[in-house]
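The structure appears below as structure tokens.
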Amino acid sequence: MKSGDVTAWEAWEIARPWVKDPRVEEPQRLFHPDGWGAGEMDLVHRWDGTVRICDIKASAGTSGYSSGLVGQLRFYQWLWRVTRDLDGRPTGRVVEGPLSGLEGWYLSGPFRKMVDLLDDETLESEVERWKNTHEQMTSSGLHPSDLAPADPAPWVNHAPGGNPLPVTDEKAAKAITCERCTGAAYCDAAPELARTKALAILASPDISDSTKLAETLTPTAPCTPISEIPRRLHVKGTLKGHWGPLANHFGEEVRGATVVVGSTTVVVEEMGAGAFGEIPEGEDFALLDVAPGQWRRMARLYLDEHSTVKPVAEAGDVEFTRLGLIPTRANLSGLVVSRGGMSGVNARGRQWSMETCHLWDGEDVIEVVAFGQSIGRTFQNLRVGDRLRVLAGELGWRDGVPQLRIDSRQTRLEVKSPEQT
Ligand code: SF4
């Protein structure tokens, strides 16, 4: 209340009806119907009869990270629009009304930043840009050197409330962004100082000099460079035995089928929920640009938006891989540059757990994953800075990028900690 009586509107502002319930640990995300974008809004309110999307920050908004708020809210503007009429929403539900505003609430202050809605045309071109970025991030056929070199955004300081201050020295401001970037150690575009500092945190002193690094990390037999992992191939055969959508090992609803040639059968599956769509059925189909992998010691092929399935007669002049020769394992080595892990209970009430690390071989990075009982003590004890060799890891895929998975019986891990070097 600034003056006079408290109005219902003011009371609602104070009561703050959260859309994201902080007591609920599970994500409460909105997913783009095509599956390539998702977001979780802090608060959506309709106190004045129109919809306003608010993002809540614990800070006063003075850091360079505040630059992201405008893009974040405009992404929500679009996501809100494309998720209003999805199948499966209840009939007779409340119709929310038009979207009238985007706001950032900085609680330390407090400050409120009002962000203009984009008009339809500008929003569409932004969406094109986001989709393009997503495609680049998930194009497993692309080697990083096929992409444009990284170009950091300048670090912009902000006045309280997320108001950007002018940048006077763009080069210096870009260097500050790189100094804060977790990828600086292995980014060719990072300034030397930022790269050396990041490397010193990750690597033991003997290799933290970037001139020695490439030489030290170069894979030696039987390991191969990460860039040589077979990413896409073409197979042909009869498609049958369809199923799904059914939950895969990540709990995502995917479609699957088998491809059969003579007595050899290989499972084909969508790489993620809705990653490919309906798989046709019948004889003499060519499966083009499918990703090879393995699950439970059996070869498996993954389909995503970069894959096509068509009659062999229409496939043109392509070289097919025989089903029995699909590459399913890899030997890789490198430096552990990140560690992670998660556990929980899946939709069927079963416990699950996974541990991850990222391995960098001086040129490329790959995620290494161990699920459930495959998480041995060696993996559990892995630390950032360790040198790791993974022998006979299973090839798998996640969101279009390759993963190396630990098979408890066949994969061997060799670790050299910084103290041992
Ligand atoms: S270090 Fe990070 S911020 Fe800098 S160019 Fe590379 S990826 Fe971009």
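First listed ligand is number 1; within each ligand, the first listed atom is number 1. Hydrogens, waters and symmetry mates play no part in the numbers below; they use all other heavy atoms, side chains included.
- Atom CG of residue L301 and atom CG of residue L323 lie 7.0 Å apart, to the nearest 0.5 angstrom.
- Within the 4.5 Å cutoff, side-chain heavy atoms of P292 are placed close to those of L233.
- Under 3.5 Å, the side chains of S66 and H158 contain no donor-acceptor pair of N or O atoms.
- Protein atoms that are N, O or S and lie under 2.8 Å from atom 6 (Fe) of ligand 1 are these: C187 SG.
- Atom CZ of R81 is surrounded by more than 12 heavy atoms from other residues, nucleotides or ligands within 6.0 Å.
- Under 4.0 Å is where a charged nitrogen must lie from a carboxylate oxygen, and between K57 and D55 at least one such pair does.
- Under the 6.0 Å distance and 45° angle rule, R84 counts as a cation-pi partner of W80.
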